[in-house]
Amino acid sequence: MDEFLPEEIPAIRDSVIKFMETQVNPVMDGYEERGEAPRDLVLKAGEAGFFGAVFPESVGGTDLGYLAAVVIQEEVARNDIRFAACLNQQSSTCPNFIYYGGTPEQVMKYVPDLVAGKTIGMMSLTEPGGGSDALGAMKTVAKREGDVYKINGSKMWASLANETDVGVLVCKTDPDAGARGVSAFIVEPKKYPGWTAQPVPMMGLSKAFRTNALFLDDFTVPVENLIGKEGDGFKIAMRALQPGRVTVAAKALGIARAAFDEAVKYANERVIKGSPIGKFQMIQSDIADMSAQIEASRTLVYHAAQCLDANLPSNRIASIAKYHASLTAKFVADKAQQIFGGYGLSTEYKISYLKAYSDMFYTGEGTANVQKIVIAEDALGYKLADRHHGSSTLRNPRLSDVARELQGAE
């Protein structure tokens with residue numbers, strides 16, 4: 001498929017594969033065994049430009065666009081989905097949030113180090129009992145006290161909250177104002193008290209990059225770390241999550257490709273009654289179905305990325321891409337595990353944790369059922385998915401005037 005893409009894309013893909021094969025794949029198992037976050041690998045990935053594709057050079061990005069970003073995410077995930085856990089926090093949701101809604105000074109202070117891999121990022125929206133109803137279940141509250149805010153409450157599924165240097169936290173500043181009472185803050189847990197991140201045990205998922213339950217007890221945030229104005233938090237969050245769905249879809253595509261590669265290799269190596277099991281028609285049927293689903297997902301994910309790059313309406317296609325790619329990852333990993341038989345449950349083979357990650361991406365960054373609601377309501381004319389396109393006053397990294405604005409803050 002690369003032959004139909006811009007000429008730089010195959011070169012980007014090759015550089016990511018080389019980096020993963022030489023820098024990450026040989027050592028990632030060791031980090032997992034130690035339960036240690038590979039901060040040195042994050043820094044190396046940042047130096048290689050993995051996190052800056054959608055950001056202009058004025059903030060340390062490469063300005064290559066979302067198509068390049070999804071290819072990076074896809075290949076990192078295909079090589080080692082465990083390491084890919086850091087990608088959205090470094091290259092999408094967290095820095096995007098600051099970039100979209102922050103002041104030029106906030107952007108220049110925090111975004112360059114995130115995309116360079118010098119600091120570990122995080123974005124936390126969901127709360128216990130909330131799931132997809134992030135707004136309705138939000139009880140965490142920030143109250144201003146002089147020149148700081150004090151935040152109290154708890155969050156759930158806060159990826160990298162136990163490691164983060166700079167993150168984004170969304171909570172209520174006016175509990176009675178609905179969406180208009182939601183605000184967002186740049187948080188620095190290592191500088192201020194009141195932040196407790198407790199890793200959540202997850203079957204089959206990374207022990208190096210953890211998701212967390214987060215407890216906030218008078219956690220301190222300086223007033224200047226408010227993103228936008230009080231009440232702007234929810235609209236910025238919705239804007240930041242839109243491209244996040246596309247990059248997460250790319251990771252799901254990478255999982256599917258990795259599971260497919262493992263299945264093909266095993267089907268050619270496993271011999272029963274003198275023949276590789278790949279010669280059996282039932283195995284071939286599964287391999288054909290897996291291959292077709294992967295190619296369909298790849299087309300959708302790449303198209304969604306190209307829509308983002310062209311500043312075209314993309315919420316609908318982002319939901320479709322995320323939905324289809326997550327289904328594909330789950331389908332392919334399940335079929336691959338069946339091809340492995342009993343060995344598919346053994347940690348000796350990658351397929352055991354690829355299956356776990358396929359289940360996770362079916363839920364993460366917008367569950368499959370939520371994406372179905374977005375897609376169906378759009379198709380039925382009840383609620384157009386792209387109804388807000390072009391109406392946002394938030395900064396857009398794909399428009400050229402942004403670089404000039406940010407250069408003025410330097």
Side-chain angles (χ1 to χ4, degrees), residues 12-51 53 69-92 94 114-122 159-165 199-212 247-248 250-263 265-266 329 332-333 336-337 340 343-361 364:
I12 292 169
R13 190 187 302 279
D14 289 344
S15 68
V16 175
I17 293 171
K18 182 178 179 181
F19 178 90
M20 293 298 293
E21 289 179 348
T22 59
Q23 302 294 321
V24 178
N25 297 355
V27 300
M28 194 63 199
D29 283 346
Y31 286 101
E32 290 292 332
E33 290 169 5
R34 297 189 297 274
E36 175 188 346
R39 296 180 75 100
D40 59 327
L41 298 183
V42 174
L43 180 59
K44 288 179 181 179
E47 292 171 344
F50 284 14
F51 308 138
V70 300
V71 168
I72 292 168
Q73 298 251 4
E74 174 191 358
E75 290 300 336
V76 172
R78 185 183 68 83
N79 273 270
D80 199 311
I81 184 57
R82 300 168 301 181
F83 181 72
C86 73
L87 283 170
N88 265 34
Q89 309 303 331
Q90 302 301 129
S91 65
S92 182
C94 175
L114 285 166
V115 300
K118 295 178 180 178
T119 54
I120 299 293
M122 180 216 71
S159 297
L160 276 61
N162 61 320
E163 292 287 341
T164 189
D165 303 298
V200 179
M202 301 288 285
M203 184 65 71
L205 302 189
S206 176
K207 294 180 175 62
F209 287 127
R210 306 293 297 272
T211 192
N212 298 263
T247 53
V248 165
K251 284 196 279 193
L253 174 60
I255 292 170
R257 289 185 59 210
F260 180 77
D261 291 346
E262 291 294 305
K265 180 181 177 183
Y266 188 79
V332 173
Q337 194 172 58
F340 272 80
Y343 288 109
L345 301 174
S346 170
T347 56
E348 179 184 353
Y349 293 96
K350 287 172 60 174
I351 191 60
S352 61
Y353 67 76
L354 289 172
K355 179 63 168 63
Y357 272 98
S358 74
D359 292 337
M360 191 268 283
F361 280 105

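Residue numbers run from 1 in the order of the sequence given. Keep in mind that this is a model prediction, so the values were computed, not measured.
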Side chains of [X] and [Y]: closer than 4.5 Å at any heavy-atom pair?
| X | Y | answer |
| --- | --- | --- |
| Gln337 | Leu345 | yes |
| Val16 | Val76 | yes |
| Tyr353 | Ser206 | no |
| Leu114 | Phe51 | no |
| Ser159 | Met122 | no |

- Query: For Phe209, is the NZ or CZ atom of Arg82 found under 6.0 angstrom from the centre of its six-membered ring and inside 45 degrees of the ring axis?
  - Reply: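 No, Arg82 does not lie over the aromatic ring of Phe209.
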
Would you call [X] and [Y] a salt bridge, using N to O less than 4.0 angstrom?
| X | Y | result |
| --- | --- | --- |
| Lys355 | Asp359 | yes |
| Lys118 | Asp165 | no |
| Arg13 | Glu75 | yes |
| Glu74 | Arg257 | yes |

Could you grab the distance from atom [atom1] of [X] to atom [atom2] of [Y], nearest 0.5 Å is fine?
| X | Y | atom1 | atom2 | answer |
| --- | --- | --- | --- | --- |
| Ser352 | Tyr357 | OG | OH | 11.0 Å |
| Met360 | Ile255 | CE | CD1 | 6.5 Å |
| Asp261 | Lys350 | CG | NZ | 8.0 Å |
| Asn88 | Gln73 | CG | CD | 5.0 Å |

- Give a yes or no on this: more than 12 heavy atoms of other residues, nucleotides or ligands lie within 6.0 Å of atom NZ of Lys207.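 No, NZ of Lys207 has 12 or fewer neighbouring heavy atoms, counting only those of other groups under 6.0 Å.
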
- Phe83 and Tyr31 aromatic centres sub-6.0 Å: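 No, they do not, as the ring centres are separated by 6.0 Å or more.
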
- Short question: side chain of Ser91, backbone of Leu87 - any donor-acceptor pair under 3.5 Å?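 Flag set: sc Ser91 to bb Leu87 pair under 3.5 Å.
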
- Query: Between Asn212 (side chain) and Arg210 (backbone), is there a donor-acceptor pair under 3.5 Å?
  - Reply: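 It does hold such a pair.
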
- Item | Non-hydrogen atoms of Val332 and Ala259 that approach each other most closely |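 Val332 and Ala259 have their closest heavy atoms at CG1-CB, 3.9 Å.
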
- Message: On a heavy-atom basis, which atom in Asn162 and which in Pro199 lie closest, and how many Å separate them?
- Response: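 Result for this residue pair: ND2-CG, 4.0 Å.
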
- Parallel, tilted or perpendicular: which fits the ring planes of Tyr343 and Tyr349, with parallel below 30° and perpendicular above 60°?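 If you compare the ring of Tyr343 with that of Tyr349, the planes turn out perpendicular.
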
